[in-house]
2 protein chains.
Amino acid sequence: MKPRNTKAKTKIKELIISSYTALSQSEIQNSLQGLCDRVTIYRVLERLLDEDIIHKIVNTDGVIKFASCQSCSSEHSHNHIHFSCQKCKSLTCLEDVEPTYKLPNNYKVSEMNFTLSGLCPQCS
Amino acid sequence: MKPRNTKAKTKIKELIISSYTALSQSEIQNSLQGLCDRVTIYRVLERLLDEDIIHKIVNTDGVIKFASCQSCSSEHSHNHIHFSCQKCKSLTCLEDVEPTYKLPNNYKVSEMNFTLSGLCPQCS
DNA sequence: ATTACTTTTGCAACATTGTTGCATTAAGGA
DNA sequence: TCCTTAATGCAACAATGTTGCAAAAGTAAT
Ligand SMILES: [Mn+2]
Ligand SMILES: [Mn+2]
Ligand SMILES: [Zn+2]
Ligand SMILES: [Zn+2]
């Protein structure tokens, strides 16, 4: 399975990389203005995830968003916090903020999803 | 708006309180075996949230789950971690585990949603 | 440039989750 | 028991995500 570069993939990748905030499928669809089918967006996102170009974040309302990978060029890890603004609805990666916690024994952690919500600097 | 105790509400409340893991709408629906309509479950859950009897958790896959409130009888706070097992699919509250983190200035936090996924003690 | 191979796409169809309006039912106090 | 109104059932709808399959397009070799 050799991945190919298509119009849709190129444009979606570009969109996500140039966006300061994480984007949902529907937000991407609106930006593309009919460049490709709805289904194609889902499939392209899946491919970009596979290729470690983007990562997936579940927002506090359950909406799934996508953001570019910044710091995981060497190794793929996403242990940073996300911030969801209740006013402007933006979801941003706080790449520098990593939480600490103390788990009971016998839990094996492989992923984390940490999102704080409230007001972002622009809105507060 | 004086809340009333109905069969549906009583049963759903009972289900969630007696469950060790957080439950989704569909899991509740399966347990109820036709006791009430699908829509009623959504509406009952909303009421139980309003009454601070249960709290809402967004799982790592975006599925919304509900668990009873343990420690927020005095004040309503849910700053504990949740654990999502990738094998048995259970989502549990780790009431005693609260993370620490250092946020940049100007962010106003009002809620947090922190879910770790991996293998739970039973599955690892 | 043409061909051949295979990935990617569009479209239709479907499943799941969640919401709303409205007529009917039932809880609970008088 | 009666009355008020909260709660329910049902139908209809919207949003999100998935799948199968034929058609289109990317890529490398000729
Ligand atoms: Mn991120
Ligand atoms: Mn919890
Ligand atoms: Zn904001
Ligand atoms: Zn498990």
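The figures that follow rest on heavy atoms only: side chains count, while hydrogens, waters and symmetry mates do not. Protein chains get the first letters and strands the later ones, always in sequence-line order, with residue 1 at the start of each.
Looking only at side-chain heavy atoms (C-beta outward), B:Ser117 and A:Asn113 stay at 4.5 Å or farther from each other. Between A:Arg47 and A:Glu51, some side-chain heavy-atom pair lies under the 4.5 Å cut-off.
Mapping B:Pro3 and B:Glu46 onto DNA chain C via the closest heavy atom, the residue that lands nearer the 5' end is B:Glu46. With DNA chain D read from its 5' end, the first of the two nearest nucleotides for A:Val63 and A:Lys7 is the one closest to A:Val63.
Atom NZ in A:Lys2 sits about 13 Å away from atom C1' in D:dA29, given to the nearest Å. Rounded to an integer number of Å, the gap from CG of B:Leu32 to P of D:dT8 is 11 Å. Residue A:Ile64 contributes atom CD1, which lies 8 Å from atom P of D:dT18 at whole-angstrom precision. Rounded to an integer number of Å, the gap from CG of B:Asp37 to C1' of C:dT19 is 13 Å. The distance between atom NZ of A:Lys11 and atom P of C:dT9, rounded to the nearest whole Å, is 15 Å. If you measure from atom NZ of A:Lys65 to atom P of D:dG17, you get 12 Å, rounded to the nearest angstrom. Distance CG (A:Asn5) to C1' (C:dT7): 12 Å, rounded to an integer number of Å. Nucleotide C:dA27 holds its P atom 18 Å from the CE atom of B:Met1, rounded to whole Å.
With hydrogens and angles ignored, the 3.5 Å screen pairs a side-chain donor or acceptor of B:His55 with a backbone N or O of B:Ala67.
Distances were taken from every side-chain heavy atom of B:Arg38 (C-beta onward) to each of C:dC11, C:dT17, C:dT8; the shortest belongs to C:dT17. Each of D:dG17, D:dA11, C:dT8 was ranked by its minimum atom distance to the side chain of A:Arg47; first place goes to C:dT8. Taking the side chain of A:Thr6 as heavy atoms from C-beta on, and the options C:dT8, D:dT18, C:dG10, the nearest nucleotide is C:dT8. Side-chain proximity of B:Val39 to the nucleotides D:dA7, D:dT16, C:dT19 is greatest for C:dT19.
In this structure, B:Asp50 places its CG atom where more than 12 heavy-atom neighbours from other residues, nucleotides or ligands lie under 6.0 Å away. More than 12 heavy atoms of other residues, nucleotides or ligands sit less than 6.0 Å from atom CG of A:Asn79.
Residue B:Arg4 places no side-chain atom within donor-acceptor reach of the base of C:dG29, judged by atom type and a 3.5 Å distance cut-off alone. Side-chain N/O atoms of A:Arg43 and base N/O atoms of C:dG10 include a donor-acceptor pair closer than 3.5 Å.
Residue A:Val44 is in sugar-phosphate contact alone, with no base atom involved, counting any heavy-atom pair closer than 4.0 Å across all strands shown.
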